[in-house]
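Notes follow the structure.
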2 protein chains.
Amino acid sequence: MSDAALSRDKDAVDLGPLAQSLGFLLRLSQLTSFRDFFATLGAENIRPGEASVLMLIARNPGIRQGVLARELMIKRAHMTKMMRAMETSGHVTRTVPKDDRRAAEIWLTDCGHARVKALEGPFLAHESAAAPGLTRREEAELKRLLRKYLGIAEAEVS
Amino acid sequence: MSDAALSRDKDAVDLGPLAQSLGFLLRLSQLTSFRDFFATLGAENIRPGEASVLMLIARNPGIRQGVLARELMIKRAHMTKMMRAMETSGHVTRTVPKDDRRAAEIWLTDCGHARVKALEGPFLAHESAAAPGLTRREEAELKRLLRKYLGIAEAEVS
DNA sequence: TATTGTTATACTCTATAACTATA
DNA sequence: TATAGTTATAGAGTATAACAATA
């Protein structure tokens, strides 16, 4: 344990209004969640961003680059770099649709599909593990509230 | 509306397992929350990071630099830069405690106190506003679950 | 030996705007 | 005129490791 931020609830720091701030709580929760992600899957050299992009392409073959950016709340300029990197690494290919030659459709290559398969196993295993500190009911409720906050329709049942 | 990611729930993209991923939901929620923060307070030139650091120092005068880093889950190396910047801008001063001359205690200057006062108003106003998409009950429950996930004790009543 | 803070480096992500080619 | 993607630049934020002073 070489650096900071691994134990909270010590030294009794007064968080004041921050403890009531949704943005603050979301930020710390996200960092905690990603830390857990790396703790269990770091050896696989998976990045949360890469995983989410690849899984979204896998579920939505031919998705437009801009739609991908919008859904993941990534800037278009940044998405351009990510797509170029993934193209260079051989995970995706891009095609230009006939009806709109400005756009770019993204497809997984065989290598990309293999990568998704390799990612999905550990990813789903990590996600199916219990969120520390919460009961299963609470975890489900937390996810439901986040989806509602985000305007993601409740549809599929896990 | 010049760039991406301002309207979800269009084009019906299949999120697949991501819609069940706590880390993914937390990340998008945090981005959404910060976007709201800037939309209402951006004119004040407030940064969420700066606001949280200053408010924590205000509530905990003389807090150690490392404790600040740990509580906010910021790396010590980065906290060094932030403290230097805030010292240069005249918002904080640093003292060396007698019992441990390695450490650095952080104190707000008059200018820092004024800054906190200027921040707290809009900050609290923003936080007291309803979280879009959620009822007040749901918002309170969401915050409670996040605090439990983070191991922050339920104490003060807002 | 371990810890606090520092320095330095590199990388990721973000923000912004100007640009092209299409529509 | 507006949109999809690109390019370029600057700035946050992060990860990492090595280091000095102190414990």
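To find a chain, count down the sequence lines: A is the first, B the second, and so on, and within it residues start at 1. Atoms considered below: every heavy atom in the structure, side chains included; atoms not considered: hydrogens, waters and symmetry mates.
Here the P atom of nucleotide dG13(D) and the CD atom of Gln30(B) are 11 Å apart, to the nearest Å. Across the protein-nucleic acid pair, Lys75(B) atom NZ and dC11(C) atom C1' stand 14 Å apart, rounded to whole Å. Phe34(B) has its CZ atom 14 Å from the C1' atom of dC13(C), to the nearest Å. Taking atom CZ on Arg35(B) and atom P on dC13(C), their separation rounds to 19 Å, with Å as the unit. Arg27(B) has its CZ atom 11 Å from the C1' atom of dT12(C), to the nearest Å. Summarising the geometry, the separation between CE on Met82(B) and P on dG11(D) is reported as 17 Å, rounded to the nearest angstrom. To the nearest angstrom, P of dT14(C) lies 7 Å from CG of Leu31(B). Rounded to an integer number of Å, the gap from CG of Leu68(B) to P of dG5(C) is 10 Å.
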Report each atom pair, protein N/O against N/O of nucleotides 20-23 of chain C, whose distance is under 3.5 angstrom.
| residue | atom | partner | partner atom | Å |
| --- | --- | --- | --- | --- |
| dA23(C) | OP1 | Arg101(A) | N | 3.0 |

Strictly under 3.5 Å: I want the nitrogen or oxygen pairs between protein and nucleotides 6-9 of chain C, one per line.
| residue | atom | partner | partner atom | Å |
| --- | --- | --- | --- | --- |
| dT6(C) | OP1 | Arg94(B) | NH1 | 2.9 |
| dT6(C) | OP1 | Arg94(B) | NH2 | 3.4 |
| dT6(C) | OP2 | Gln65(B) | NE2 | 2.7 |
| dT6(C) | OP2 | Thr80(B) | OG1 | 3.0 |
| dT6(C) | OP2 | Arg94(B) | NH1 | 3.3 |
| dT7(C) | OP2 | Arg84(B) | NH1 | 2.5 |
| dT7(C) | OP2 | Arg84(B) | NH2 | 3.0 |

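Side chain of Asp14(B) to backbone of Asn60(A): no donor-acceptor contact under 3.5 angstrom is found.
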Hey, can you pull the donor-acceptor pairs under 3.5 Å for the side chains in residues 101-109 of chain B, sequence neighbours left out?
| residue | atom | partner | partner atom | Å |
| --- | --- | --- | --- | --- |
| Arg102(B) | NE | Asp100(B) | OD1 | 3.1 |
| Arg102(B) | NH2 | Asp100(B) | OD2 | 3.1 |
| Glu105(B) | OE1 | Thr95(B) | OG1 | 3.1 |
| Trp107(B) | NE1 | Thr95(B) | OG1 | 2.8 |
| Thr109(B) | OG1 | Gly90(B) | O | 2.6 |
| Thr109(B) | OG1 | His91(B) | O | 3.2 |
| Thr109(B) | OG1 | Cys111(B) | N | 3.4 |
| Thr109(B) | OG1 | Gly112(B) | N | 3.0 |

Enumerate donor-acceptor pairs with a distance under 3.5 Å from any side-chain N or O in residues 143-151 of chain A to protein atoms, sequence neighbours excluded.
| residue | atom | partner | partner atom | Å |
| --- | --- | --- | --- | --- |
| Lys143(A) | NZ | Glu139(A) | OE2 | 3.3 |
| Lys143(A) | NZ | Gln20(B) | O | 2.9 |
| Arg144(A) | NE | Glu141(A) | OE1 | 3.1 |
| Arg144(A) | NH2 | Glu141(A) | OE2 | 3.1 |
| Arg147(A) | NE | Glu154(A) | OE1 | 3.4 |
| Arg147(A) | NE | Glu154(A) | OE2 | 2.8 |
| Arg147(A) | NH1 | Ala19(B) | O | 2.7 |
| Arg147(A) | NH2 | Glu154(A) | OE1 | 3.4 |
| Lys148(A) | NZ | Glu138(B) | OE1 | 2.7 |
| Lys148(A) | NZ | Glu138(B) | OE2 | 3.0 |

Would you mind writing out the side-chain donor-acceptor pairs for residues 61-69 of chain A within the sub-3.5 Å range, not counting sequence neighbours?
| residue | atom | partner | partner atom | Å |
| --- | --- | --- | --- | --- |
| Gln65(A) | OE1 | Arg94(A) | NH1 | 3.0 |
| Gln65(A) | NE2 | Thr80(A) | OG1 | 3.4 |

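Between Arg27(A) and Leu72(B), every side-chain heavy-atom pair lies at or beyond the 4.5 Å cut-off.
Sorted by first and then second residue, the pairs that involve residues 114-124 of chain B and meet side-chain hydrogen bond (donor to acceptor under 3.5 Å, both in side chains), not counting sequence neighbours, are Glu50(B)-Arg115(B). Under the ring pair (Phe, Tyr, Trp, His ring centres under 6.0 Å) criterion, no residue pair touches residues 50-78 of chain B, with sequence neighbours excluded.
For His126(A), the ring pair (Phe, Tyr, Trp, His ring centres under 6.0 Å) partners two or more places apart in sequence, or in a different chain, are Phe37(A). Residues that satisfy the side chain to side chain donor-acceptor pair (under 3.5 Å) test with Ser21(B), not counting sequence neighbours, are Glu127(A).
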